[in-house]
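This report concerns only the one structure given below.
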Amino acid sequence: MGSHRPFLQPRSIQEEGVNDKREINGWMMYDWANSAFSTTVVTALLGPYIQALAEAATEPFRLFGTAIQPGAIYPAAVSLSVILQVFFLPLLGTIADYTHLKKRMLLAFAYTGAFATILLFFIRADMPLFGTRGAVAAGSLLFIIANLAFGGAIVFYNSFLPQIASPDKRDDVSSRGWALGYLGGGLLLLLNLGLLVIMEDTALAVRISMASAGVWWMVFTFLYPQRRLVQRAPGHAHPGVNLFAHGVRQILHTFGELWNTYPMTLRYLIAYLVYNDGIQTVIVVAAAFAADELGVPAQTILILVLMIQFVAFGGALLFGKLAKRVGAKRSIMLSLVIWSAIVIYAYLFLNNTVQLFVMGAVLALVLGGSQALSRSLFSQMIPPDHEAEYFGFYEISERGTSWLGTFTFALAVQLTGSQRIAIVSLIVFFVLGLLLLSRVDVRRAITEAGNDPGGVIL
């Protein structure tokens, strides 16, 4: 089934090398490689470091003549990088599928992001030629480049999953990859926090830690994905075709295709958009909630983040095993019930640090599992030969509306003055996502995409 797709020849995803252990291990290790960036740089260190630099500047940082508050610079950089991802990721996916440069594009984006991250080492107060304000601008630009490259590489990385693992193996492979990501990211963060404790020069320790994330990303990408991933098919690009123009046409074509030919895949994307926004918002606001409602100090919050990383490793593996028994869809639905219980618990019962860590452990158990199984379930619902293109849409369904949950939380705080009430308002994302997901016919989605549901636990 499926409509005609210009310039592309149909191809089965069942090719030689599927379920090859060496290649699967190489693929999973990219989760290990890139998670160092998201954990050490994005979550833990760069935001406070950029803010401290901006506060130390003798004059305020300005953009187009307007003074920007120090605390707004890093969130603005994050937002700009996300906007760029929303624009570029589907386009990159269509070009990767059309030219079959998927592996090369994965490596190019991974190395670009890693190199930009390493360059953060040179961002410091009174930076030669730049000064402190220039350092803030340079650090923000390097982050935007790194985060855009991170998102691009993830599209190509995810799109390998249907090619390296048969349908019955994907939940397990995706879960183990996600688990390795939590383990790798947590391990480097632990080492970097140790460095922050023993070094007297905190700013230097932060710069070394951020650069170490880039080195980690680059080295493990070279050792595993570069050496083990296989680019299976030759390109189908026609000489003289403008790749940008083709990419834009293909994006428009795919929008229509999702609506007309793959309605269940579209329904799943919408469900994922809703419930994942709730998950991402809980992650973003958890630290502020703990500090404001419970008075938890920053050091304790960092320990909590570390604990979540390591418990999430086990949670991803646990949900991978659960999916073997009841299927990915039912496992995700169970995780959404638990997410709903988490925000209800935070509203009604959360009053001290011990309870916070208990809740954090439960959150960690469902965090990796819900995301890993969402990825593997989507991989069953997309047409062969267009994996990067569809995972481009998958990524923007995650990033393109990532403001909805945070806006809902902020609006609830504004109206009620209470983060405790605001956190329970997020239950609407989990309940609505659960209802939408319950209406996805997985078997129909798989067959509509031209794939074989045999071996997939439905």
Side-chain angles (χ1 to χ4, degrees), residues 1-20 23-24 27 90 93-94 96-98 100 102 155-177 229-233 236 250 253-272 320 323-324 326-333 372-395 397 436-458:
M1 297 182 69
S3 61
H4 173 69
R5 304 182 61 92
F7 306 119
L8 288 164
Q9 301 298 322
R11 172 172 64 87
S12 171
I13 58 172
Q14 298 299 330
E15 299 175 332
E16 69 276 6
V18 70
N19 294 336
D20 177 77
E23 186 175 16
I24 286 175
W27 180 85
T94 61
D97 284 329
Y98 180 52
H100 291 289
K102 191 183 301 182
V155 169
F156 310 126
Y157 166 68
N158 285 342
S159 69
F160 269 95
L161 179 59
Q163 296 182 334
I164 65 171
S166 58
D168 59 315
K169 302 289 186 185
R170 287 181 204 161
D171 291 338
D172 181 59
V173 170
S174 182
S175 297
R176 286 191 288 145
L229 286 178
V230 177
Q231 184 64 64
R232 285 172 169 72
H236 294 301
Q250 194 63 38
H253 177 80
T254 301
F255 271 124
E257 194 172 57
L258 275 168
W259 182 268
N260 296 311
T261 311
Y262 310 132
M264 282 298 153
T265 302
L266 178 61
R267 184 176 292 183
Y268 174 75
L269 272 178
I270 294 171
Y272 174 73
K324 289 182 179 180
V326 301
K329 176 183 169 179
R330 291 188 183 91
S331 299
I332 297 169
M333 291 176 69
L373 294 180
S374 295
R375 173 172 68 182
S376 59
L377 183 57
F378 182 69
S379 75
Q380 313 279 9
M381 303 178 178
I382 56 180
D385 219 9
H386 311 299
E387 297 88 0
E389 177 183 348
Y390 274 80
F391 268 108
F393 282 97
Y394 180 81
E395 287 301 310
S397 73
L436 290 170
L437 182 59
S438 70
R439 294 179 57 81
V440 174
D441 185 334
V442 175
R443 181 182 296 277
R444 178 182 163 189
I446 293 173
T447 54
E448 283 177 345
N451 299 321
D452 182 3
V456 180
I457 299 174
L458 303 171

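Side-chain N or O atoms of Tyr157 include one that pairs as donor or acceptor with a backbone N or O of Trp27 at under 3.5 Å.
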Walk me through it: do Val173 and Ser376 pass the test side chain to side chain contact (heavy atoms under 4.5 Å, CB included)?
CA-CA 8 Å; Val173 170; Ser376 59; over 6 Å; no

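Distance check, rounded to the nearest 0.5 Å: OG1 of Thr265 to CD1 of Ile270 gives 11.0 Å. Interatomic distance, CG of Asp168 versus CD1 of Ile457, reported as 8.5 Å (0.5 Å rounding). Atom OG1 of residue Thr447 and atom OH of residue Tyr262 lie 11.0 Å apart, to the nearest 0.5 angstrom. Distance check, rounded to the nearest 0.5 Å: CG of Asn158 to CZ of Arg375 gives 5.0 Å. Rounding to the nearest 0.5 angstrom, the gap separating the CD1 atom in Ile24 from the CG atom in Asn19 is 5.0 Å. The CG atom of Leu229 sits 13.5 Å away from atom CZ of Phe156, with the distance rounded to the nearest 0.5 Å.
For Ser166 against Val18, the heavy-atom pair with the smallest separation is N-CG2, 3.6 Å. Of all heavy-atom pairs between Arg170 and Ala165, the closest is NE-O, 3.0 Å.
Side-chain contact between Ser379 and Glu387 is absent, with no heavy-atom pair separated by less than 4.5 Å. Between Tyr268 and Ser374, the closest side-chain pair of non-hydrogen atoms falls below 4.5 Å. Between Met381 and Val440, the closest side-chain pair of non-hydrogen atoms falls below 4.5 Å. In this structure, Ser174 and Leu373 have side chains that are not in contact, with every pair of non-hydrogen atoms separated by 4.5 Å or more. With a 4.5 Å cut-off on side-chain heavy atoms, Val442 and Gln380 do not count as touching. With a 4.5 Å cut-off on side-chain heavy atoms, Asn451 and Pro384 count as touching. Annotation: side chain of Leu437 is in contact with side chain of Lys329 (closest heavy-atom distance under 4.5 Å). Contact annotation: the side chain of Tyr272 never approaches that of Ile332 to less than 4.5 Å [non-hydrogen atoms, C-beta and beyond].
Applying the side chain to side chain contact (heavy atoms under 4.5 Å, CB included) criterion to Asp441, with sequence neighbours excluded, gives Met264, Arg443, Arg444. The salt bridge (Lys or Arg N to Asp or Glu O under 4.0 Å) test applied to Arg176 returns Asp172, not counting sequence neighbours.
Ring centers of Phe391 and Phe378: under 6.0 Å apart, within the cut-off.
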